[in-house]
Amino acid sequence: MSLEERVNITTGTGNEQGPCEGNTAAAGNLFPALCLNDGPTGLRRAYNTSQFVAGINAAASWDRELTRQRGAEMGREFRAKGVNVILGPGMNMMRTPRAGRNWEFAGEDPYLTGEIAYETVVGLQSSGMITTSKHLIGNEQDTNRYNSSTNMDDKTLHELYLHPFVRALDAETTGIMCSYNMVNGTYACEDDYILNSVLKGELGFKGFVVSDWWATHSTAFAVNSGLDMTMPGDANSQSITGGGLWFGKNLTDAVKNGDVDEDRVTDMATRIVAAWYKVGQDKGFPELNFNYFDSNVGADLDVQGDSKDNIRKQGAASVVLLRNDDDILPLGQDDKVKKIAVIGSDAGADPEGLNQCQDGACSRGTLTQGWGSGSAYLPYLVTPLDGIKDRAGDSVDVVSYLDDWNVDEAAKVASDADIAMVFAKSDSGEMYIVVDDNPGDRNNISLWYNGDELIKAVADANKNTVVVIHSVGPILMPWIDHPNIKAIVWPGLPGQETGNSLADVLFGEVNPSGKLPYTIAKKFDDYLGDIVMELDIEYTEGVNVGYRHFDKYDIEPLYEFGYGLSYTTFDYSGLKVKVSGKGKDAKVTASLKVENTGDVDGADVVQAYLGFPEDAEQPPKMLRGFEKVNIKHGKKQDVKFEFSERDLRVWDTAKQEWVVPSGTFTLYIGASSRDIRLEDTFTL
Ligand SMILES: *[C@@H]1O[C@H](CO)[C@@H](O)[C@H](O)[C@H]1NC(C)=O
Ligand SMILES: *[C@@H]1O[C@H](CO)[C@@H](O)[C@H](O)[C@H]1NC(C)=O
Ligand SMILES: *[C@@H]1O[C@H](CO)[C@@H](O)[C@H](O)[C@H]1NC(C)=O
Ligand SMILES: *[C@@H]1O[C@H](CO)[C@@H](O)[C@H](O)[C@H]1NC(C)=O
Ligand SMILES: *[C@@H]1O[C@H](CO)[C@@H](O)[C@H](O)[C@H]1NC(C)=O
Ligand SMILES: *[C@@H]1O[C@H](CO)[C@@H](O)[C@H](O)[C@H]1NC(C)=O
């Protein structure tokens, strides 16, 4: 290829110049223009495609198989629409619960986030998608994302924020997207240390690095620092972020005047072309067939296929049951429930219709996703009210009142029902749209639209109150001690099948097995941090994010990381730990038996946390393994864990290498980060 052709492969041709968010330029007849599109919840702004469970729900399911299947179905839909590159998956961390895009990611723990990232990339690429795992790195809030600097030390970078990317690389992710923000004062998309030394050097990444939209700030400097593709390549948008059109002719000129080596351009183009071959886009790739400017233009081919089965299954698998007093759930165990009241706008449809707000930026009906570039249209919606009615059948009277503000009327409707279900929500999104005064990041972590008052009114009126929360992350629960609130159900953001997946759990068709991928604190101040308003965002807590912070300072959470109830009970026994090898070759294996001691079949998530030798100065415990096991009631199953160098090491900043500390480790086996059932020590 000529230099100009090679440069074209790396260069965007402008923002949204067709159905795709971005395109690369074609290289003559040798290589096609690629279509890049958001995003992690489904194909953005496309009809006849699915809205999957959000990333945070994939995490709450702790289910590797369903997560891989979610990726595979999503990838199949993207490809069938003619999209080459998915702008995802997202793997930033929930450092503060207010961060607007938390819902797209996988919570507060790097290990869990890494497993979800791994399975998602494998799934997407198995369907022939080029993935761009994002956003590298330190993009943990939306406020000031274009002009702030995330400052973290090297240990924190390696042990925490980089880990999910390492797992994406294990899955052979074809691309990595660098983030808007600076790291230590250097823009992430022109950071030689992050891109060249760490990503391409230390981690051996062979794919391409693409900028977030307008996150490129230079030509030769960015290219020499490791950026391989610029997006969207839009000369007119420099005012937005400082990023404009930097490649194209400017890059060709930079080669001609010696600022960039021609070999480097060959390397950039090779990385992109290699990705295209790797996932098999050289054969039988479909034509583009979606157009969000006008749904009647072009063929809005229906590509949903069987995705809805995955969405319903993972929706149910990610319902976290927080409370179930008097075993009030599941419903339908006997004939006593003759009347169910369903209360709150979050149980119904948006009265204005589906997909009426830009990029999901409103919450008038039930909340199925957050807002922003990570959103996807709903092809249809099964509301919670529909799902409950459908499942309850004709012998049960289901009444509803979907206004959040008239609490007297809500209480009246709830008062004579056998069960009152009250729904409430909390939303968040990306910074380019403001919803109810929330600039992407949430203003508070309280319920929206009078939710607390509505819940109190219903609970005052009915002694069998079931609270259902659709939320992007943790919320405060001022009504938590109300004696009439018998159950709290946490379905997160379940996508288009929300009503069916919820009803599956409420009526016991599916035994709940979701676990919290984040800590729910008793009060906001218990969290380690908040959105930072200064332009220097200091990660001074280091690796003590999420439950590690609560453990370190011995703060009792309301509901801890990893928590979630089941309709059955599990008993853990017989933990055996074996050590072999030494130093970097050390391997630790552990086995135990898990017994389903209740009356119904169910799935449990057995969690393995490691405590490091004291000298290593690590958090009290860190998740290093989990297994989701389906066990029939009365049956036992063996569960095995294996910990290798990856799990046992710490980053030595002075030596710039990983070391396995010697001393005594503790293995904690639990049903949550605080419900530790078995423990043992081993010495390395
Ligand atoms: C490079 O891309 C530009 C913009 O799409 C196009 O006009 C030009 O013909 C391309 N050059 C080559 C050599 O393919
Ligand atoms: C940083 O960017 C935000 C918009 O994202 C802007 O409101 C703010 O003024 C900027 N701050 C500085 C110091 O430039
Ligand atoms: C950021 O700067 C600090 C202070 O110079 C340094 O210790 C640290 O290693 C840097 N972190 C990264 C990720 O480069
Ligand atoms: C080159 O970059 C400058 C910004 O420095 C921009 O104004 C110009 O449009 C770019 N031109 C081309 C052809 O890429
Ligand atoms: C979705 O697909 C169906 C069946 O192919 C078609 O009739 C319909 O027009 C499509 N919907 C849109 C919005 O394009
Ligand atoms: C929190 O924010 C929501 C959404 O803007 C708002 O409805 C609610 O009143 C706020 N709650 C508190 C306690 O400020």
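Counting starts at 1 for both ligands and their atoms, following the listed order.
- In terms of polar-atom proximity, defined here as any N/O pair under 3.5 Å, E5 makes no such contact with ligand 1.
- A ring-centre distance under 6.0 Å is not found for Y187 and Y180.
- No N or O atom of S2 sits closer than 3.5 Å to an N or O atom of ligand 1.
- No option in R70, R76, Q69 other than R76 meets the side chain to side chain donor-acceptor pair (under 3.5 Å) test with E73.
- Around NZ of K584, the count of heavy atoms belonging to other residues, nucleotides or ligands within 6.0 Å exceeds 12.
- Within 6.0 Å of the NZ atom in K552, the count of heavy atoms belonging to other residues, nucleotides or ligands does not exceed 12.
- Ligand 1 places these atoms under 4.0 Å from at least one heavy atom of E4: 10 (C), 11 (N), 12 (C), 13 (C).
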Check ligand 3 for close polar pairs with the protein: N or O on both sides, less than 3.5 Å.
residue, atom, partner, partner atom, Å
ligand 3, 2 (O), N184, OD1, 3.4
ligand 3, 2 (O), N184, ND2, 2.3
ligand 3, 11 (N), M152, O, 2.8
ligand 3, 11 (N), N184, ND2, 2.9
ligand 3, 14 (O), N184, ND2, 3.4

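- Heavy atoms of other residues, nucleotides or ligands lying less than 6.0 angstrom from CG of N29 number 12 at most.
- Contact atoms of ligand 5 toward D302: 2 (O) (distance under 4.0 Å to a heavy atom of the residue).
- Set against the non-hydrogen atoms of A27, the atoms of ligand 1 under 4.0 Å away are 14 (O).
- T173 OG1 to D170 CG: the interatomic distance, rounded to the nearest 0.5 Å, is 11.0 Å.
- Here the straight-line distance linking atom CD of E21 with atom CG of L43 works out to 9.0 Å at 0.5 Å rounding.
- The shortest N or O to N or O distance between Y47 and ligand 5 is not under 3.5 Å.
- When each atom of ligand 1 is checked for a heavy atom of G28 under 4.0 Å away, the hits are 12 (C), 14 (O).
- Atoms of ligand 1 found under 4.0 Å from any heavy atom of A25, numbered from 1 in the order shown, are 2 (O), 5 (O).
- For the atom pair E108 CD and L160 CG, the distance stands at 10.5 Å (nearest 0.5 Å).
- Taking SG of C178 as the start and NE2 of H135 as the end, the distance is 10.0 Å to the nearest 0.5 Å.
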(request) Evaluate side-chain contact (heavy atoms from CB on, under 4.5 Å) for V198 paired with L162, printing each intermediate quantity in order. (result) CA-CA 9 Å; V198 176; L162 210 51; 3.4 Å; yes
